[in-house]
Amino acid sequence: MSNVFDVLKERGFIEQCTHEDEIREMLGKESTTFYIGFDPTADSLHIGHFLQIMVMTHMQKHGHRPIALIGGGTTMVGDPTDKTDMRKMLTREQIKANGEKFKLVFKKFLDFSDGKALMLDNADWLLELNYVELLREIGVHFSVNRMLAADCYKSRMEKGLTFLEFNYMIMQSYDFYVLYKDYNCKLQLGGNDQWSNILGGTELIRRKSGGQAYGMTFSLLTTSDGKKMGKTEKGALWLDPEKTTPYDFYQYWRNIDDADVRKCLSLLTFLPMDEVERLSSLEGAEINKAKEILAYEVTKMIHGEEDAEKAQQTARSLFVKQGDSDDMPTTEFKSAEIAQMDIIEILIGTGLVPSKSEGRRLVTQGGVQVDGEKVEGLDYKLPPEKISGGSVIIKKGKKTHHKIKID
RNA sequence: GGGGGAAUUCCCGAGUGGCCAAAGGGGGCAGACUGUAAAUCUGUUGGCAGCGCCUUCAGAGGUUCGAAUCCUCUUUCCCCCA
């Protein structure tokens, strides 16, 4: 069997390793227990988490044992890394509820049978810690001087950092120590922003038990110009279909920057690397094929084959031919009422536009089409033959389609 | 605990009595060009109504013909000293 280290390396996951050679050797010869932590700060995982799930999946396929660690305890504190503001405090109940949702997702991607993977929650050991005891047991091993020098706190030195958040690193380090001790977990993985937190853990393990633990971080999903990937108008790109519909999800990848195609294919799909190479070296309009495959593959993994198929069909019918589709946001109107409405009111009625001013702007600038015909005037009303026709498609800009059903 | 500063429209950030719905940038939206891409260029970006009105500049009061701009109190944040 190939070494998963080489696979991850080839696909561009790996960013930093504590001990590159030793890790490679270990992964090549023994089944290794490793962990990745997920803080349930929201009620759904997002695409950044998915990247970590991909890693766990690759690892498990190669015979290693993942521990998906839910950060029920760490979330009570909040990771200051890369945050400009302090995270709002979540209640224990919210955290628990979020954690439950996370668990369902992990079960979809990992095989938890016969202990092939574990799911733990650090609330189980963090919440009952005794303060003074922790300070004496763990706190002694941390140098504040060194912590302050860590990159992840640097940015916060200007904005301010509370003592609460400052302790996050200690919590996470302690997690690693517990897992090392109780589950023989020798490796912690995470996004590259977790580097200092991971190092904290390996050092703690060394100091406390003299044991050797390893850490490795993965590239964050960023676009070619360095911005965080997975941002949509509505915020993050969520895995929960209630929060990001499969169609929107599909479209996100379908519209990805050319320069990001290779990275996405290799990180977010299981396509063999020669196929990834072939697809991402397509040029000009050809590369759209690669984007379609990317979008389809990723959507399939997250929402299942059926939804991926539907999203693809919808996208094709909307963009290639000026088509109709059931899988499209839809608003229903009574024929009597819609006959009275002008285009602005219709736009508002569908929620395509939040105010009349914006509706006017949009129409004036030529951004609205009804059944493929550009709406020219603000006083446009649906012609009678369309009202009796059952449904019309309104297009806002190039990419937003909305169906109106009339009965 | 003492002293000093700050809070502006989605974000950053100008504005220090009328010319302010508020510069500039970012972001968003739309148009052109394209490949449902990027870059670029153009328009637009509080609301309602076709240029007049209404609600905005942390909150509550006050001074003024008139305040985002001045005063008072409140809240929050930052900095320095202890």
Side-chain angles (χ1 to χ4, degrees), chain A residues 80 83-89 155-165 222-237 245-265 279-296 298-299 308 311-323 325 327-329 342-345 347-348 350-370 372-380 393-402:
Chain A
K83 294 253 163 21
T84 38
D85 298 313
M86 203 171 126
R87 191 144 64 195
K88 60 177 185 298
M89 294 256 219
S155 59
R156 290 297 231 94
M157 292 314 281
E158 285 149 33
K159 277 276 178 183
L161 175 69
T162 60
F163 186 66
L164 174 78
E165 297 170 289
T222 51
T223 57
S224 52
D225 47 351
K227 286 195 268 288
K228 263 194 186 164
M229 203 179 276
K231 290 273 180 203
T232 67
E233 324 79 68
K234 292 163 210 133
L237 196 63
T245 66
Y247 175 74
D248 286 341
F249 188 86
Y250 178 94
Q251 279 297 302
Y252 181 86
W253 304 108
R254 177 61 187 77
N255 282 311
I256 208 87
D257 195 310
D258 287 6
D260 295 323
V261 169
R262 169 174 285 121
K263 186 173 189 175
C264 291
L265 281 170
L279 287 170
S280 48
S281 52
L282 293 172
E283 296 203 3
E286 283 289 289
I287 202 164
N288 280 329
K289 285 184 189 147
K291 294 186 190 179
E292 270 207 334
I293 291 173
L294 168 69
Y296 179 79
V298 183
T299 309
Q312 186 159 67
Q313 289 307 324
T314 303
R316 281 182 180 159
S317 70
L318 289 179
F319 285 98
V320 178
K321 37 188 164 60
Q322 189 58 245
S325 168
D327 187 31
M328 173 169 17
D342 63 25
I343 186 66
I344 306 293
E345 289 167 324
L347 286 170
I348 292 193
T350 56
L352 283 168
V353 122
S355 69
K356 289 192 180 179
S357 305
E358 186 145 344
R360 282 162 185 284
R361 216 174 285 137
L362 196 66
V363 173
T364 310
Q365 296 187 136
V368 179
Q369 292 182 21
V370 171
E373 305 262 331
K374 186 185 279 184
V375 173
E376 298 288 356
L378 294 175
D379 52 355
Y380 176 93
I393 307 280
I394 297 203
K395 202 168 143 195
K396 175 195 163 213
K398 284 180 201 134
K399 293 178 196 164
T400 312
H401 302 79
H402 195 103

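Hydrogens, waters and symmetry mates are skipped; everything else that's a heavy atom, side chains included, is used. Everything quoted here is computed from the prediction, not taken from an experiment. Proteins get letters first, then strands, A, B, ... in listed order; numbering begins at 1 in each.
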Notebook entry, point to check: Distance-only, no hydrogens or angles: does the Glu345(A) side chain make a donor-acceptor pair with backbone N or O of Asp342(A) under 3.5 Å?
Noted result: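 The answer is yes, because a donor-acceptor pair under 3.5 Å joins these two groups.
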
Note to self: Distance check, rounded to the nearest 0.5 Å: His401(A) atom NE2 versus Ile394(A) atom CD1?
What the structure shows: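 The NE2 atom of His401(A) sits 12.0 Å away from the CD1 atom of Ile394(A).
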
Checklist line | Under-4.0 Å side-chain N/O to phosphate OP1/OP2 contact, Lys356(A) with rG46(B) | finding: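 Checking rG46(B) against Lys356(A), no side-chain N or O comes under 4.0 Å of OP1 or OP2.
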
In whole Å, what separates the [atom1] atom of [N] from that of [M]?
N	M	atom1	result
rA68(B)	rG17(B)	C1'	10 Å
rG18(B)	rG31(B)	C1'	38 Å
rA60(B)	rG13(B)	P	24 Å
rG46(B)	rC20(B)	C1'	13 Å
rC70(B)	rG5(B)	P	13 Å
rA7(B)	rU16(B)	C1'	15 Å

Please determine, for [N], whether a Watson-Crick or G-U wobble partner exists with both distances under 3.5 Å, and give it or none.
N	value
rC19(B)	none
rA60(B)	rU72(B)
rA32(B)	rU40(B)
rC48(B)	rG52(B)

Note to self: Tell me which pairs pass side-chain hydrogen bond (donor to acceptor under 3.5 Å, both in side chains) where either residue lies in residues 358-367 of chain A, with sequence neighbours left out.
What the structure shows: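 Checked against side-chain hydrogen bond (donor to acceptor under 3.5 Å, both in side chains) - neighbours excluded - no pair reaches residues 358-367 of chain A.
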
Notebook entry, point to check: What is the glycosidic conformation of rC51(B): syn, defined as within 90° of 0, or anti?
Noted result: syn

Margin query: Need one value for Gln251(A): base, sugar-phosphate or nothing, where a base atom within 4.0 Å counts as base even if backbone is also close, heavy atoms only.
Written below: base

Item checked: Neighbours of RNA chain B within residues 359-366 of chain A, by heavy-atom distance under 4.0 Å -> Arg360(A), Arg361(A), Leu362(A), Gln365(A), Gly366(A)

Identify all side-chain donor-acceptor contacts of residues 282-290 of chain A below 3.5 Å with residues at least two apart in sequence or on another chain.
{"unit_1": "Glu286(A)", "atom_1": "OE1", "unit_2": "Lys289(A)", "atom_2": "NZ", "d": "3.2"}
{"unit_1": "Glu286(A)", "atom_1": "OE2", "unit_2": "Lys289(A)", "atom_2": "NZ", "d": "3.4"}
{"unit_1": "Asn288(A)", "atom_1": "OD1", "unit_2": "Arg254(A)", "atom_2": "NH1", "d": "3.4"}
{"unit_1": "Asn288(A)", "atom_1": "ND2", "unit_2": "Ala285(A)", "atom_2": "O", "d": "3.4"}

